[in-house]
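Hydrogens, waters and symmetry mates play no part in the numbers below; they use all other heavy atoms, side chains included.
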Amino acid sequence: MLRLGLLLPLSGPLGLTGPSGLSAACLAVSEGDAGRAVELVPVDAGRAPGVVAAEARLLADAGLVEGFVGFHTSDVHRALDPALSGRVPYVFTPPHEGGSRGRGVVLLGDSPGRQLGPAVRWLSERRGLRRWALVGNDYIWPRAVHQVVSRVVRALGADVVLDRLVPFPWAAGEAGFEPLVDEVRQARADAVLLSLVGRDLVAFNRVFAASRISSRVVRLSGALEENVLLASGGDDTGELYSAMRSFAGQGDDRQLAMAERYRTVFGDAGPVLDAYAEGCYDGVHLLVSLAAAGALDARGANEWLADGWAGTPFGAPREEGQLARADGLDLRVIARL
């Protein structure tokens, strides 16, 4: 029996994305061939970083799991890195803040410069955006995003006119974002870079969409996927954008084939196959493939990474980024970056 830990936000601000990741991981298990049965061991990564890291280390040290796949916030990730480094492979799948990692820690997502830099340039050049506001949660990923995007904006000859980080999670709800939206208005921003996540991103977008500036100020997010858009009630302003590796409706061969398999197993009512879920799917397949090759250890996870996709249904994850615009409850790809 191959047991893999699945670090998903089953509670907390990102809890609304957890069911998608769990379903995608189960699909990957049903398709993979590790030469032995595969069992997933879910761990709620929506809790405090220290609690999650302690539980994951206990599972690894007791030999109850042979590897971990996770998507969750980067404050949790930074606690897991030293807890698991050198013990078992740990594949972290969503966008990340960059920097070095421990032995056996594999990153599948993009750094802020790779994920958001091209999108900021694309929108700035085509929309003539000169005044950017940066709004995010106060933890490691948004801080890194703001530093990188500030440099990109200034290199374009534009200005950062507002830079705000709010506590994470923001407990004040939608009413707490009303003064912040008003700050964006007073700063006369052309665009807002959003590094809020989960419920906070939902709350901000609801308040912003109801404001007087919603149809004339661009919003760009690196954390907006279909679950968050649905929880926000959709968006018809025509000015809400997302930069991710994939979107449920993008329609390329990889997405279509994966979505068809997903519908066969879960039906049309299954959780949406969003970018986080696709990353989770790829991460589980990678560890199953490494197990089949006898390379599932902290050293092998890095050394075999380039070849580890050979046994997976769709090969390595796509490298190009996508820029999508919200259209009601859908995110429609408008550019590949």
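Of the candidates Asp327, Asp330, Leu240, Asp235 forms a side chain to side chain contact (heavy atoms under 4.5 Å, CB included) with just one, namely Leu240.
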Determine whether Val197 and Val228 satisfy the following criterion, side chain to side chain contact (heavy atoms under 4.5 Å, CB included), listing intermediate values before the conclusion. CA-CA 9 Å; Val197 300; Val228 165; over 6 Å; no

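Ion pairing of Arg185 with Glu178 is absent here, as no side-chain N (NZ or NE/NH1/NH2) approaches a carboxylate O to less than 4.0 Å. With respect to the salt-bridge test (charged N to carboxylate O, under 4.0 angstrom), the residues Arg216 and Asp190 do not qualify. A salt bridge links Asp61 and Arg87; the closest N-O separation between the charged side-chain nitrogens and carboxylate oxygens is under 4.0 Å. We find that Glu239 and Arg127 are joined by a salt bridge, their nearest charged nitrogen and carboxylate oxygen being less than 4.0 Å apart. A salt bridge links Glu31 with Arg261: at least one charged nitrogen is closer than 4.0 Å to a carboxylate oxygen. Salt bridge Arg254/Asp282: present, at least one basic N to carboxylate O contact under 4.0 Å. In summary, Asp138 and Arg143 engage in a salt bridge, as defined by a charged side-chain N under 4.0 Å from a carboxylate O.
A donor and an acceptor atom, one from each side chain of Ser20 and Asn227, are located under 3.5 Å apart. Counted by atom type alone, Asp44 and Ser11 present one or more donor-acceptor pairs between their side chains at under 3.5 Å. Side-chain contact annotation: His146 with Arg151, donor-acceptor N/O pair under 3.5 Å absent. Side-chain contact of Arg325 with Ser242: a donor-acceptor pair under 3.5 Å is absent, judged by distance alone.
No more than 12 heavy-atom neighbours from other residues, nucleotides or ligands sit within 6.0 angstrom of CZ on Arg188. Applying the 6.0 Å contact sphere to CD of Gln186 captures more than 12 heavy atoms from other residues, nucleotides or ligands.
Ring-centre distance between His96 and Phe92: not below the 6.0 Å cut-off. Checked against the 6.0 Å centroid criterion, the rings of Tyr90 and Phe68 do not qualify as a close aromatic pair.
Applying the ring-ring contact (aromatic ring centres under 6.0 Å, His included) rule to Tyr241 yields no partners; only residues at least two apart in sequence or on another chain are considered.
Ring pair Tyr262/Phe266 is tilted by interplanar angle, where 30° to 60° counts as tilted. The aromatic rings of Phe204 and Phe177 stand perpendicular to each other, their planes meeting at an angle above 60°, with 30° marking the opposite boundary.
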